[in-house]
Number of protein chains: 2
Amino acid sequence: MVTLKDVAERAGVSPATVSYVLRGGRHVSKWTDERVRKAANELGYATNMAARSLKYGRTGVIELVVRGLDVSSIYAKMVTHVKHACSDRGYRSLVMQTEQDSRTLRDAVGEINSQSCDGMLLDAFGLPKDVIDRLNGNRAIVLLDDLSKRPAFDTVVMPHRESSLIATRYLIERGCRRIAFVGADRSDLQVAAGSGEDSARSLRLEGYLQAMEEAGLAVRPEWLIPVDWRYFVGVDVGRGLACDGRLDVDGVVCCNDSLAIGLIRGLADAGARVPDDVMVVGSDGVTVGEFTVPRLSTVALDVPDLVNKGLGMLIERIDGTYDGEPRRVTAGCSLVAKESAGESASAD
Amino acid sequence: MVTLKDVAERAGVSPATVSYVLRGGRHVSKWTDERVRKAANELGYATNMAARSLKYGRTGVIELVVRGLDVSSIYAKMVTHVKHACSDRGYRSLVMQTEQDSRTLRDAVGEINSQSCDGMLLDAFGLPKDVIDRLNGNRAIVLLDDLSKRPAFDTVVMPHRESSLIATRYLIERGCRRIAFVGADRSDLQVAAGSGEDSARSLRLEGYLQAMEEAGLAVRPEWLIPVDWRYFVGVDVGRGLACDGRLDVDGVVCCNDSLAIGLIRGLADAGARVPDDVMVVGSDGVTVGEFTVPRLSTVALDVPDLVNKGLGMLIERIDGTYDGEPRRVTAGCSLVAKESAGESASAD
DNA sequence: TTGTATGCGTTATCAT
DNA sequence: ATGATAACGCATACAA
């Protein structure tokens, strides 16, 4: 490898001078400047980041740690926004993908504790409590969607309740009366009550229940379908809904877009039409939802808002601008009304 | 930060001993071992990776550099596979997202040149020649889809020609005779011929033309539609196809799945049904294609194959096992026959 | 305007 | 079985 020293020798100056030329910081004669740059170029010099980080105590890197980019492409949007926001603030951003298995999570935790990065935006969804506890408390970490009662870190939470509320209200407004909810049931509320900690599932269900109650609509137990929020699960649920006459719903609120897309697929398998036979609303606002048949109505997460809030807190922690109690803020969301909930197919 | 020295002091031993206990490498007495581990635990010690990398000369990190995870979710699949493959081989993997703009690309190049990682899997799609040239030739780099005549690095190329060939043959087999091709036209062939370098577009078109010729089918110029491979472009093309009677095609081969999904959307806007009025085949094999209405027929990229080949070459370069001429291998692909090309909707 | 010297945290070599 | 020490490449305080 080409080092500062190599460049210095070639340019006939000291390593210090090379450093000053390349990084700035003090005045050098034009003659020296040119010689050094020329030498660096000819040798193909590049700063050794390990050495700089060691000296500096920081890496200039912010890591985004998410489980499975392929689980929901909403993460893909986050990656893009984080990248831009980091660039704007002089950081580089890297993405680390974790699985649910504890090994990768442990790796991720080690990552931050070992100062491979200055700060970390860490998706807490499905993150076991003990892993969170193992995080070094005085590192710069912002969690995404940590719903614990007494969070140890700053966290940006998703608008779970709000999202379901908006979606359900919307279906009601569109004329639905018998609305199913896919992704949680009352047992989730019990778990939440028992542990004293909300969950994404319980909050989402609450939003739905609130909207139904507001409208004076009864909720039948079989309308609450507690499943994982994944494509293929949605397919099964859709088939079930269409085949099982008992359910007889005219609207479905899904906890995310994967579920909704799968559900529409399953309904189609069973011969049910969306929105004519049943209306469907998702949540997230994935890009592909704008191109499905029918186009997906959804409550879109405000990703730029989420990223700005998260990164804002993170950088305050890194810079030491803020050093107080863990903060909790909520990301925004907004309704995107499309054909799957009966909106007429406009030209765009 | 807690350093080796801190742990050593607390355990009453030397830093060297702590290092040996934690990393292994020589025998230590049980008594010392215990004391050191206890101290490290109590202090919450974590290895400083910058220091280790500096000493070691390697980071244990492999970076995957792709442009826009959201451009095509095929990248999301790649991320997952790269992650697993790296884990298996003792590396950590990080993802860096670039944009087409030269600034981010320059950053990415700097990344590898500055030894932030031991090796890099770099998506060459849309990568300007001069950026590639700026890459340090003796670093471990494997390019994804570098089609240049005389590549400077090992590269895994996508099965462009093969993919179109398979897709077109399949449509012909399904009974199509008037097949459009979306994503390139003959001007791409001219550009390729002029520069002496193939492009993804020219290769894909060649595959299509070959299949048509094999079957003795004429190709009308207006069937070749040279557009970007993106969702919203597909929508426009779909609307155009359905409205413009002149085209009158019974099958469409799309250069990727985004285009295909958009196209189906556009066709639906114009009242055309897939596959009854026109059959559609995409390319990539994105997950969501299995859940669209209709399910998307596509030529799926063999992502595990791609990743294995790429990472295999990369690690040989890192280890110095191979030091010869740049190699070029092609990733596999296979037809996934679904409803959008008239396959009956089976239960799964 | 430029050069010298020191230390960041780790690991490997030598010595004990 | 363990400790002292040097070196990795860079950035900076200090000296000239």
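Only a predicted model underlies this, so the values are computations on that prediction, with no experimental measurement involved. In what follows, every chain begins at residue 1, and chains take the letters A, B, ... in the order their sequences are listed. FYI, side chains are in, hydrogens and waters are out, and symmetry mates aren't considered; it's all heavy atoms of this structure.
With distances taken from any side-chain atom of A/T47 to the nucleotides C/dT10, C/dC8, D/dC10, the minimum falls on D/dC10. When the nucleotides C/dT10, C/dT1, C/dC14 are ranked by their closest atom to the side chain of B/R26, C/dC14 comes out on top. For B/S29, counting side-chain heavy atoms from C-beta on, the closest listed nucleotide (D/dG9, D/dT2, C/dT11) is D/dT2. Closest to the B/T32 side chain, of the nucleotides C/dT10, C/dA12, D/dT2, is D/dT2. Minimum atom distance to the side chain of B/H27 is reached by D/dA1, of the listed D/dA1, C/dT2, C/dT10.
With a 6.0 Å cutoff to the six-membered ring centre and a 45° limit on the axis angle, A/R10 does not count as a cation-pi contact of A/Y45.
Within the 3.5 Å criterion, the main-chain N or O of A/S114 finds no donor-acceptor partner in the side chain of A/R139. One N or O on the side chain of A/K309 and one on the backbone of A/T330 form a donor-acceptor pair closer than 3.5 Å.
To the nearest angstrom, C1' of C/dT4 lies 15 Å from CG of A/L4. Put simply, CH2 on A/W31 is 12 Å from C1' on C/dT2, counting in whole angstrom units. Atom CG in A/L43 sits about 14 Å away from atom P in D/dG9, given to the nearest Å. Atom NZ in B/K30 sits roughly 14 Å away from atom P in D/dT2 (whole-Å rounding). Taking atom OH on B/Y56 and atom C1' on D/dA7, their separation rounds to 15 Å, with Å as the unit. Rounded to whole Å, the distance from CG on B/D6 to C1' on C/dC8 is 13 Å. Between the C1' atom of D/dA11 and the CE atom of A/M49 lies a distance of 13 Å, rounded to the nearest Å. C/dG3 atom C1' lies 15 Å from atom CD of A/E9, rounded to whole Å.
Judged by distance alone, the side chains of B/Y75 and B/D123 do bring a donor and an acceptor atom under 3.5 Å apart. Side-chain contact of B/Q115 with B/T59: a donor-acceptor pair under 3.5 Å is absent, judged by distance alone.
No contact: A/S53 has no heavy atom under 4.0 Å from any strand. Within the nucleic acid shown, B/L54 comes within 4.0 Å of at least one base atom, counting heavy atoms only.
Nearer the 5' end of DNA chain D, as judged by each residue's closest nucleotide, is the contact made by B/D33, out of B/D33 and A/G24.
Taking side-chain N and O atoms only, B/Y45 has a distance below 4.0 Å to OP1 or OP2 of C/dT10.
With contacts defined as side-chain heavy-atom distances shorter than 4.5 Å, the pair B/F153/B/M313 does not qualify. A 4.5 Å side-chain heavy-atom check between B/T3 and B/N48 finds every atom pair outside the cut-off.
For B/D88, the CG atom is densely surrounded, since the number of other residues' heavy atoms within 6.0 Å is greater than 12.
A donor and an acceptor atom never sit less than 3.5 Å apart when one is taken from the side chain of B/R23 and the other from the base of C/dG9. For C/dT11, the base has no donor-acceptor partner in the side chain of B/R52 [N/O atoms by modelled type, under 3.5 angstrom]. A donor N or O paired with an acceptor N or O is found under 3.5 Å between the base of D/dA7 and the side-chain atoms of B/K55.
Less than 4.0 Å separates DNA chain D from at least one heavy atom of each of the following residues of residues 12-20 of chain A: A/A16, A/S19, A/Y20.
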